[in-house]
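Everything on this sheet refers to the single structure shown next.
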Amino acid sequence: MRAQPWRRRPNRSFWPFRSFRSPGGAWPVAGVVLAAAGTGEAVARAGDSGVLLPPAILLAVCATLPLALARDRAGAAAAMISAAVVPASVPLRGPAVAGLVALAAVWTVLARRRIGRRRAEAAAREASRREFEHTLLEHTARGERARIARELHDVVAHHISMIPVQAEAARLAVPGMPEEGARRLLAIGDTARTALAEMRRLLGVLREDAGGEPTRRPQPGIQQLLDLVDEIREAGAAGGRLIVRGRVAALDPGVELTAYRIVQEALTNARRHAPGAAVDVEIDYAGDELLVSVRDNGPGPPPGAPQRASQGGGHGLLGMRERAAAVGGDLRTGPGPVGGFLVQARLPLGPDREGTLP
């Protein structure tokens with residue numbers, strides 16, 4: 001078996017200056033050592049005069065021993081050493097070397113700490129500046145995405161929504177159209193509706209808040225209309241009712257979403273222009289079409305005034321008409337039969353309607 005080479009290991013139990021291993025423990029030792037050196041210097045240089053020796057030793061200790069406080073109270077130590085180092089040189093008839101060493105050491109500590117604080121402050125300012133620039137860039141990107149979403153919604157979506165309307169109008173307006181031409185017009189309408197649905201999904205992605213939790217969720221439908229009516233009640237309306245007529249059936253998700261958005265916009269207009277008025281929401285499953293009505297008992301539009309729903313720009317009457325036209329339906333708005341304001345939408349369900357709900 002090969003012998004292991006002998007290695008000398010330090011015996012830490014006999015290390016007399018273990019306090020030097022940590023920066024904080026070195027200062028008391030340094031202060032004591034310099035105080036002893038200053039005392040020896042005073043005895044050596046002022047020992048021939050018995051009168052000057054005691055004050056020389058006292059001043060030497062005052063000019064060196066405060067260095068022991070440099071870790072926790074560097075400012076006080078620097079003040080004491082600075083005040084005592086000059087008087088300590090008088091009885092020695094020359095500069096007090098130990099005091100000058102302590103003075104240089106304590107002021108070096110103060111300078112290094114000041115530089116460290118300034119560097120830390122500069123680093124904090126730089127980090128804050130970078131965070132501000134990042135936040136500004138993120139908000140700019142969000143604003144640009146919101147602008148693109150508005151342009152797509154108010155311009156592109158409007159024109160795409162007109163394609164199925166015009167295709168259906170062309171199919172019905174041309175008598176004796178060949179069957180192949182009618183099928184192609186129907187295909188054009190279906191393609192435009194699909195493109196419009198995909199664009200709405202894209203708008204949802206663009207409007208997501210960057211850096212936050214994803215906001216995409218299943219699209220609302222008929223079953224969420226009761227939540228809208230509850231919101232109207234909580235907002236202080238005189239009353240709100242959801243009336244469902246006919247046999248409840250499973251609808252196409254696009255039709256359900258269109259009905260939900262039309263009711264949502266109509267309730268928003270009612271809350272804005274007729275605050276406190278009672279509102280009735282009626283859903284009628286009438287054979288091959290869905291009838292949606294929102295009626296309030298407010299004052300209604302004044303005679304000769306423009307319809308209030310159109311005051312919302314791209315999100316008012318025009319937006320509701322676009323949604324209804326996108327699924328092949330139509331929308332009618334105006335004064336109610338006994339006052340108030342009425343929004344009526346007719347949404348065809350199509351021949352491929354699937355099953356019924358219990």
Side-chain angles (χ1 to χ4, degrees), residues 149-169 186 188-207 216-229 231-232 242 244 249-273 279 281-286 288-296 307-334 341-350 353:
R150 286 194 301 269
E151 292 292 330
L152 288 175
H153 179 272
D154 294 338
V155 179
V156 182
H158 169 67
H159 293 298
I160 293 180
S161 65
M162 294 304 297
I163 294 176
V165 177
Q166 293 175 358
E168 183 68 16
L186 287 175
I188 291 173
D190 293 339
T191 303
R193 293 185 186 98
T194 302
L196 193 60
E198 293 297 330
M199 180 172 292
R200 289 196 181 107
R201 295 190 185 96
L202 176 61
L203 292 178
V205 174
L206 287 175
R207 288 165 178 165
R216 283 176 288 184
R217 63 191 66 181
Q219 295 284 13
I222 300 295
Q223 296 180 357
Q224 283 73 40
L225 290 180
L226 188 58
D227 296 334
L228 294 179
V229 176
E231 291 178 5
I232 286 291
L242 176 62
V244 180
L251 306 180
D252 182 85
V255 175
E256 289 205 18
L257 177 61
T258 299
Y260 178 88
R261 295 304 184 193
I262 290 175
V263 173
Q264 185 181 40
E265 181 65 27
L267 291 178
T268 301
N269 289 337
R271 183 167 50 186
R272 182 186 305 142
H273 300 284
V279 184
V281 178
E282 184 175 337
I283 304 296
D284 188 0
Y285 292 83
D288 58 351
E289 61 184 9
L290 182 71
L291 302 179
V292 180
S293 301
V294 180
R295 180 176 61 252
D296 65 63
Q307 292 176 335
R308 69 189 182 195
S310 62
Q311 298 175 2
H315 302 284
L317 174 60
L318 180 60
M320 289 190 289
R321 279 181 175 167
E322 288 176 354
R323 292 186 182 278
V327 295
D330 54 40
L331 184 84
R332 187 178 69 85
T333 61
F341 198 82
L342 175 64
V343 176
Q344 286 184 328
R346 183 187 61 83
L347 308 177
L349 302 179
R353 181 168 150 188

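Computed over heavy atoms, backbone and side chain alike; hydrogens, waters and symmetry mates excluded.
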Considering all heavy atoms, the nearest Thr258-Ala324 contact: CG2-N, 4.0 Å
Taking the side chain from Gln344 and the backbone from Arg332, do they hold a donor-acceptor pair closer than 3.5 Å? no
Hey, what do you get for CG (Asp252) to CG (Leu347), rounding to the nearest 0.5 Å? 11.0 Å
Quick one: CD1 on Ile222 to CG on Leu257, what's the gap to the nearest 0.5 Å? 10.0 Å
Calculate, to the nearest 0.5 Å, the distance between atoms CZ and CG belonging to Arg346 and Asp284 respectively. 13.0 Å
Hey, could you give me the CD/CG distance between Glu322 and Leu331, rounded to the nearest 0.5 Å? 11.0 Å
Are any non-hydrogen side-chain atoms of Met320 and Asn269 less than 4.5 angstrom apart? yes
Just wondering, do Val281 and Leu228 contact through their side chains at under 4.5 Å, heavy atoms? no
If we only count heavy atoms from C-beta on, is the Leu290 to Tyr285 side-chain gap below 4.5 Å? yes
Heavy-atom nearest pair, Gly254 first then Val327, reads O-CG1, 4.1 Å
